[in-house]
Amino acid sequence: IISQKYASKDELISLIKKHYLLNIKYSGEEIGTKEFRKNFIWYSKLFKGANNIRSKINELVDEKSFNTLLNELKDLELKRELERGNYGKS
């Protein structure tokens, strides 16, 4: 569970990058990047104020555009629930 293991923003950003790189290694850059869009949307929901980033998700077409969006995520704060390790718990 992300909330237990990846509570810090830096660790979560690192996880997102690792997940993306594994995806393009498996599927190739073009297809892997397109497939990763849905994952990026999910990850972005863990950050406050990421609506603007989610609106740019169709611009995610290669590693360069991925890094651009990831850098935008780095500037945002994590949601409070995740900071406390309670995200996704009922």
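The structure displayed is predicted, hence computed values, not measured ones.
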**Student:** Report yes or no: does Thr33 contribute a side-chain atom to a donor-acceptor pair with the main-chain N or O of Glu29 at less than 3.5 Å?
**Tutor:**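 Yes, Thr33 side chain to Glu29 backbone: donor-acceptor pair under 3.5 Å.
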
**Student:** Will you find, in the side chains of Thr68 and Asn71, an N or O donor that is under 3.5 Å from an N or O acceptor?
**Tutor:**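 Per modelled atom types, Thr68 and Asn71 side chains form no pair under 3.5 Å.
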
**Student:** Is the shortest heavy-atom distance from the side chain of Ile57 to the side chain of Lys38 under 4.5 Å?
**Tutor:**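 No, every pair of side-chain atoms sits at 4.5 Å or beyond.
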
**Student:** Write down the atom of Ile24, the atom of Glu63, and the distance for their closest heavy-atom approach.
**Tutor:**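 Distance-wise, the nearest heavy atoms are CD1-OE1, 4.0 Å.
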
**Student:** Would you find a donor on one side and an acceptor on the other, under 3.5 Å apart, between the side chain of Lys9 and the backbone of Leu76?
**Tutor:**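 Confirmed, Lys9 side chain pairs with Leu76 backbone.
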
**Student:** Only one of Ile16, Leu21, Asn23, Val61 passes side chain to side chain contact (heavy atoms under 4.5 Å, CB included) with Phe66; say which it is.
**Tutor:**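 Exactly one option meets the side chain to side chain contact (heavy atoms under 4.5 Å, CB included) with Phe66, and it is Ile16.
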
**Student:** Rounded to the nearest 0.5 Å, what separation is found between the OH atom of Tyr26 and the CD1 atom of Ile31?
**Tutor:**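 It is 11.0 Å, given to the nearest 0.5 Å.
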
**Student:** Working to the nearest 0.5 Å, report the span between CG of Leu70 and NZ of Lys17.
**Tutor:**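 If I round to the nearest 0.5 Å, the distance is 6.5 Å.
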
**Student:** Which heavy atom of Leu78 sits nearest to which heavy atom of Lys48, and what is that distance?
**Tutor:**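 Heavy atoms only, the tightest pair is O-CE, 3.4 Å.
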
**Student:** In terms of hydrophobic clusters joined by side-chain contacts under 4.5 Å, are Trp42 and Tyr20 together?
**Tutor:**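 Same hydrophobic cluster.
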
**Student:** Is any side-chain heavy atom of Arg54 closer than 4.5 Å to one of Asn51?
**Tutor:**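 Asn51 vs Arg54: side chains touch.
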
**Student:** If I take atom NZ from residue Lys18 and atom CD from residue Glu11, how far apart are they, to the nearest 0.5 angstrom?
**Tutor:**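 Reported to 0.5 Å precision, the distance equals 10.0 Å.
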
**Student:** So how far is it from Asp75 CG to Ile53 CD1, rounded to the nearest 0.5 Å?
**Tutor:**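 So the CG of Asp75 and the CD1 of Ile53 are separated by 8.0 Å.
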
**Student:** Nearest heavy-atom pair of Ala50 and Ser44: which atoms, and what distance?
**Tutor:**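 Nearest pair, atom of Ala50 first, then Ser44: CB-O, 3.3 Å.
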
**Student:** Taking Tyr43 as the starting point, is it possible to reach Leu22 by hopping between hydrophobic residues whose side chains are less than 4.5 Å apart?
**Tutor:**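 Not linked; separate clusters.
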
**Student:** Rounded to the nearest 0.5 Å, what's the gap from CG on Leu69 to CZ on Phe40? Could you check?
**Tutor:**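 Interatomic distance, Leu69 CG to Phe40 CZ, rounded to 0.5 Å: 4.5 Å.
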
**Student:** What are the two closest non-hydrogen atoms of Ser27 and Glu35, and how far apart are they?
**Tutor:**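 Shortest heavy-atom separation between Ser27 and Glu35 comes out as OG-OE1, 3.1 Å.
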
**Student:** Say whether, by atom type as modelled, one donor and one acceptor occur between the side chain of Lys79 and the main chain of Lys45 under 3.5 angstrom.
**Tutor:**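 Yes, because the side chain of Lys79 sits within donor-acceptor range (under 3.5 Å) of the backbone of Lys45.
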
